[in-house]
2 protein chains.
Amino acid sequence: MLSNPSQPIVLASGNPGKIREIQAILAGHPIVPQSQFQIAEADETGKTFVENALLKARNAAFHSGLPAIADDSGLAVDYLHGAPGVISARYAGSDASDQDNVEKLLKELAGVPFEQRTARFICVIVFIEHAEDPCPVIAQGIWEGRILDEPVGDNGFGYDPVFWVPEYECASAQLASEVKNAISHRGKALSILASAL
Amino acid sequence: MLSNPSQPIVLASGNPGKIREIQAILAGHPIVPQSQFQIAEADETGKTFVENALLKARNAAFHSGLPAIADDSGLAVDYLHGAPGVISARYAGSDASDQDNVEKLLKELAGVPFEQRTARFICVIVFIEHAEDPCPVIAQGIWEGRILDEPVGDNGFGYDPVFWVPEYECASAQLASEVKNAISHRGKALSILASAL
């Protein structure tokens with residue numbers, strides 16, 4: 001699907017960290033952030049991570065005329081039937097800070113015992129050859145954990161301070177970024193994408 | 001995700017063959033076709049197989065209140081940039097027969113040499129726990145082949161008479177159904193679903 005090694009690919013993100021990660025996987029292919037085409041962000045109206053990633057990728061492919069990569073990620077808590085899910089970044093409102101979102105989550109889970117606080121981070125990355133591509137490459141990474149009672153740790157972002165990681169028995173925000181990247185939902189999805197492409 | 005072994009699951013299909021296949025994978029779980037709930041079929045408005053499968057599963061889960069499984073499948077031809085894709089079953093029109101669709105496909109590919117007639121059958125099966133589940137199980141099976149110049153064989157359905165299978169150097173419609181089921185896009189997707197669940 002990527003037979004021409006100089007084929008540029010548009011990335012539906014302007015995040016420099018994401019651009020570097022994707023670039024590392026795609027070796028020779030030039031990765032162009034969608035901002036270079038003045039492409040506005042797609043509305044994230046999907047009910048699942050994969051549908052949101054596809055909306056973003058399609059928007060980028062349509063406006064650039066290039067193959068596109070996009071991702072979507074978030075947290076799903078079993079006790080809350082999958083919430084905050086696709087609205088993880090705006091759980092406490094459209095202008096919510098990470099702290100606002102974490103506070104809302106802890107309030108929703110107040111009194112719920114640790115065994116019932118199971119949750120997972122999910123990251124879905126998709127690749128489409130063009131805006132009408134019916135068969136995207138879909139790479140989904142899942143990171144199982146539990147939600148702590150209160151935030152700990154200074155690394156990471158989002159829900160990292162309340163996401164307890166069973167492999168290390170600490171919060172995600174207490175992990176060094178290299179450790180997190182190796183075992184996280186995002187790390188897994190990137191690795192699956194690399195194999196698939 | 002399926003911790004209660006007696007949890008019924010609704011299947012967004014009334015096809016007896018599909019019901020048997022899914023039943024075999026899900027062992028104890030009762031599989032209920034959506035027709036038993038008088039659920040109307042969902043509109044397949046998605047641009048990808050996975051989005052259509054999710055639309056169908058969500059419709060079934062919403063109206064039944066049960067976890068749901070749905071699939072979507074079709075043919076993507078490289079020379080036609082992925083067409084017929086998600087409209088494979090209605091390529092020649094909403095009331096088109098298999099023969100109408102095959103004839104249209106052969107017309108679109110008239111004169112295109114065999115090496116450039118690469119194509120793939122795709123089957124995507126999704127499982128959601130409820131209508132708002134942000135993180136579906138997604139099982140995608142792909143079967144690579146080429147499009148023949150004219151139909152051969154009497155087995156199968158749809159595009160099987162013009163889908164050349166490299167493993168057997170014959171058309172898909174010339175394969176015994178057990179052989180086809182073992183190597184087809186649908187067989188692969190079912191096997192991935194079984195591992196995932």
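A, B, ... follow the sequence lines: proteins, then strands. Residue 1 opens every chain.
- When A/V124, A/V86, A/I128, A/I122 are compared by the number of non-hydrogen pairs under 4.5 Å with chain B, A/I122 comes out ahead.
- When heavy atoms are compared at a cutoff of 4.5 Å, B/I142 approaches chain A solely by way of its side chain, counted from C-beta outward.
- A/F114 is connected to A/V152 through a chain of hydrophobic side-chain contacts under 4.5 Å among Ile, Leu, Val, Met, Phe, Trp and Tyr, so both are in one cluster.
- Contact tally against chain B (heavy-atom pairs below 4.5 Å) for A/K47, A/Q140, A/R120: the top residue is A/K47.
- Linking ILVMFWY side-chain heavy atoms closer than 4.5 Å, directly or via other members, places A/V112 and A/I147 in a single hydrophobic cluster.
- The hydrophobic cluster containing A/I192 does not contain A/V126, counting ILVMFWY residues as joined when their side-chain heavy atoms lie under 4.5 angstrom apart, directly or transitively.
- In terms of hydrophobic clustering, with Ile, Leu, Val, Met, Phe, Trp and Tyr side chains grouped at heavy-atom distances under 4.5 Å, A/I22 and A/V50 are assigned to different clusters.
- Contact between B/P134 and A/A76 at its shortest, heavy atoms only, is CG-CB, 4.3 Å.
- In terms of hydrophobic clustering, with Ile, Leu, Val, Met, Phe, Trp and Tyr side chains grouped at heavy-atom distances under 4.5 Å, B/F49 and A/I138 are assigned to a common cluster.
- Counting only heavy atoms from C-beta outward, the side chains of A/E132 and B/H81 never approach each other to under 4.5 Å.
- Taking OG1 of B/T48 as the reference point, atom CG of A/L54 lies at 5.0 Å (rounded to 0.5 Å).
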